[in-house]
Structures are given as structure tokens and as C-alpha cells.
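Here is the structure we will look at, set down as C-alpha cells.
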Amino acid sequence: MERRAVFRVRNCSIEIVSCPETIYECRVVKERGRIHPLQVAYLLHTSNAIVLDENDREMSLHEFVSRFSNPSFWITFSTYVDLRKRGRRVEPGLLDNELVIEDRKLKIYVFEECVPIHIEKLMQLVDTSIRQGYKVVIAVVDMHGDVTYYEVDKMRFPTIERRV
Amino acid sequence: MKVRAVVIGSKAIVLDVDLGNELFKKFFGKPFSVAKPRPDQTYRTPFVLSLYEALYLCEKGLLVPILNGSEATCSDLEEYCRKLVPGFDQRYTVFKDLRDRGYILRSGMKFGADFAVYEVGPGYEHAPYILLVVRRDECIDPISIVRIGRVGHSVRKRSVLAIVDSKGVVDYLVFKWVKL
């Protein structure tokens, strides 16, 4: 019996052929009803999946990533792999650079060393996540793919009464 | 009390020692060439104010700036600061916002930040916060976040990004290095 997951790529979408529940990503897929390219790339990377193209030919990670990536894909993938290595139950989020650890109510936004972050956008991400009841973490990926995490929170400075 | 301060470069110098001491006890300025002064002591030396402190005191009606040898208005001083210091406006907005709330702001240069922020005051505690000031409509290099985040962690301070919008409203985001 195939212990790896099997996916098929058809018209730029990913079809699930089989996904054994011994694999964490497959259990997430069962709950969510869809697979994300990041999860497929991770399973390919860890040899837990085979991906077939339209001609039933096995795709390599390189071929898969070339077909499904966006500008944030590799850094978000690096962060996904880093978190999975640490045993975190992470899932892809709605945005290209967003990951979610649901059991810790954490949203992780991935940025790259030297690629500027727009402050307005950062504020919006923090505001929205906090409103939804999540804590926010920024993951900064360096030039070699190493990840550093910073928890971000809004704060206010309460007035201090001073005796003058 | 109305202090005369001679503006030289990016400093305002108070030569009246008594008034300088009076200001220093309220955490404005620093006695010249004294490494770690204590506000409960008196110093017989000129006092050095930052331009932020000078403008703040001027706007409170407590300081007269002397620019190019003659008395100037607060607007003159503000104009001078803008020309001299890039990003002065947003930094001053933050300075004023926190000073009005009772916090003491000193240079954050040694921590790679704009300000070190005290709750009790320098000389009585280590600054609990370091602050980097940005405009809401600008972009920031993630390395700046890493820099203040790491420094803040190593010197046990909270690293804060002060975000100033076009209306002068300030939001604060605190960053904490986590291992996840």
C-alpha cells in the first residue's frame, strides 16, 4: 500500500488522488477540503508525496515549484519547512506570505531580508489579525533561507503622573 | 522660569547653571561632559539640550532659543531643526506624544534606535524601551526590525516601532524575538 500521498496537476490545479491520514498535511486537507501548493511542495521535499503531471509523469520539486510559485513562495516555503521541523502544526494562510498555527492562534507573515515592508500594510495585517483573535509573528528570512521570528503587538503608553 | 539656550548645530546649550540644574531635575538636558549624571545632584557646568527638548520647552513657553546670536521664535527653531535633521518632524511628534504622557526620551543611538524611553528617568533605571520612528506611508527594511528586536532582547528592553501618520497620530508596535 502507498504510504505517500499522490497528487495530480491538471490545468494549474492540484487534484488529490490519495492522501493517507498518517501524514499531518493529509489530515489538514481532510478538514479543509483542499490542498495548498506549499503543502504539496513540503510533502515532495520530505519524500512523502508524488505529484503527477498531465502526462502521468512524476514531477520533481523543482518542476512543481516552477509551476506554482509566486514571489513569496520560496520564503514562505522555507518558513513552513522550518516550523514543521520544529513540530508546529502550521497551515498556509489566505495571503501568499501568510502561515497560521491554529492551535496557538498565531498568524505568521513572512518577509525577506532587504525587501522593504510597507508600514501601512504591516499595520493592516496586525490590526486585522488582532481583531480576528490571533497573535502576529513576523518571520524574516535571510539570504540563505534561515528564519528569525518576531512577535508583534500593538501597545500604548499609558500616561504617567509625575510630581514636578 | 524662562531659559535662554544657544543653539549650536544639533544642540541647545543652557549656560545659566541654576536654570540648567532646574531643567535637569525635570529630566531635560544633561550637564556637559558628565558621563552618568544623577538628577538628585547639582552640577556647576553648562547643560546640553537636544533639539527635541529645546523645541518642546520653547513650545511650553519655558525656553527662548538663541539662533545666530539673536533671540528666535519657536517657529524659527522648528524650521532650523527641519533643515538640519532629516525626519525631524516625525521624531518630534513622537517625542512630544510621549513626553506629554510623562515619559523621558533620550538618545537611542547606542542601541541603534532613535530614542531610549524611560518611565522613571535616566539615572534611576535602565530605559525599559527603545524606539524606532517611522512614517506610516514609508517602507522599512526588515533588517531594521531584526536590529532593534535583537538589541532589545540582548539588553532586556522592549523594542518599539513608533508609526506616525500624516495627521501626527502615533501608533506603537512592540517587537519581541521569539523562538516559536
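By convention in this document, chain letters (A, B, ...) are assigned in the order of the sequence lines, proteins followed by strands, and residues within each chain are numbered from 1. The structure displayed is predicted, hence computed values, not measured ones.
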Measuring heavy-atom distances to chain A, does [X] have an atom under 4.5 Å in its side chain, in its backbone, in both, or in neither?
| X | answer |
| --- | --- |
| V160(B) | side chain |
| L173(B) | both |
| I163(B) | side chain |

Taking the side chain as every heavy atom from C-beta outward, state whether L180(B) and L106(A) have any atom pair closer than 4.5 Å. yes
Going by heavy atoms in the side chains, are E113(A) and I143(B) under 4.5 Å from each other? yes
Closest non-hydrogen atom pair between H118(A) and C139(B), with its separation: CD2-SG, 3.6 Å
Provide the closest heavy-atom pair for Y150(A) versus G149(B) in the form atom of the first, atom of the second, distance. CE2-CA, 3.6 Å
Answer yes if [X] and [Y] sit in the same cluster of Ile, Leu, Val, Met, Phe, Trp and Tyr residues linked by side chain heavy atoms under 4.5 Å apart, and no otherwise.
| X | Y | answer |
| --- | --- | --- |
| V136(A) | V134(B) | yes |
| F95(B) | L51(B) | yes |
| F77(A) | I23(A) | yes |
| L77(B) | Y52(B) | yes |
| I140(B) | Y129(B) | no |

Heavy-atom proximity to chain B below 4.5 Å, by part of V137(A): side chain
What part of V140(A) gets within 4.5 angstrom of chain B, counting heavy atoms only: side chain, backbone, both, or neither? side chain
Looking at V126(A), I108(A), I117(A), L83(A), which one has more heavy-atom pairs under 4.5 Å with chain B than the rest? I117(A)
Highest number of heavy-atom pairs under 4.5 Å with chain A: which of [options]?
| options | answer |
| --- | --- |
| D100(B), V146(B), D141(B) | V146(B) |
| D97(B), I104(B), D165(B), L161(B) | I104(B) |
| R158(B), R150(B), K25(B) | R150(B) |

Residues in side chain to side chain donor-acceptor pair (under 3.5 Å) contact with T73(B), at least two apart in sequence or another chain: D76(B)
Verify side-chain contact (heavy atoms from CB on, under 4.5 Å) between V152(A) and I145(B), making sure each step is shown before the conclusion. CA-CA 10 Å; V152(A) 188; I145(B) 292 174; over 6 Å; no
Looking at R86(A) and K179(B), would you say the former's side chain and the latter's main chain have a donor-acceptor pair under 3.5 Å? yes
[atom1] ([X]) with more than 12 external heavy atoms under 6.0 Å:
| X | atom1 | result |
| --- | --- | --- |
| K105(A) | NZ | yes |
| R34(A) | CZ | no |
| D56(A) | CG | yes |

Only one of F115(B), Y103(B), Y118(B) passes ring-ring contact (aromatic ring centres under 6.0 Å, His included) with F157(A), and that residue is Y103(B)
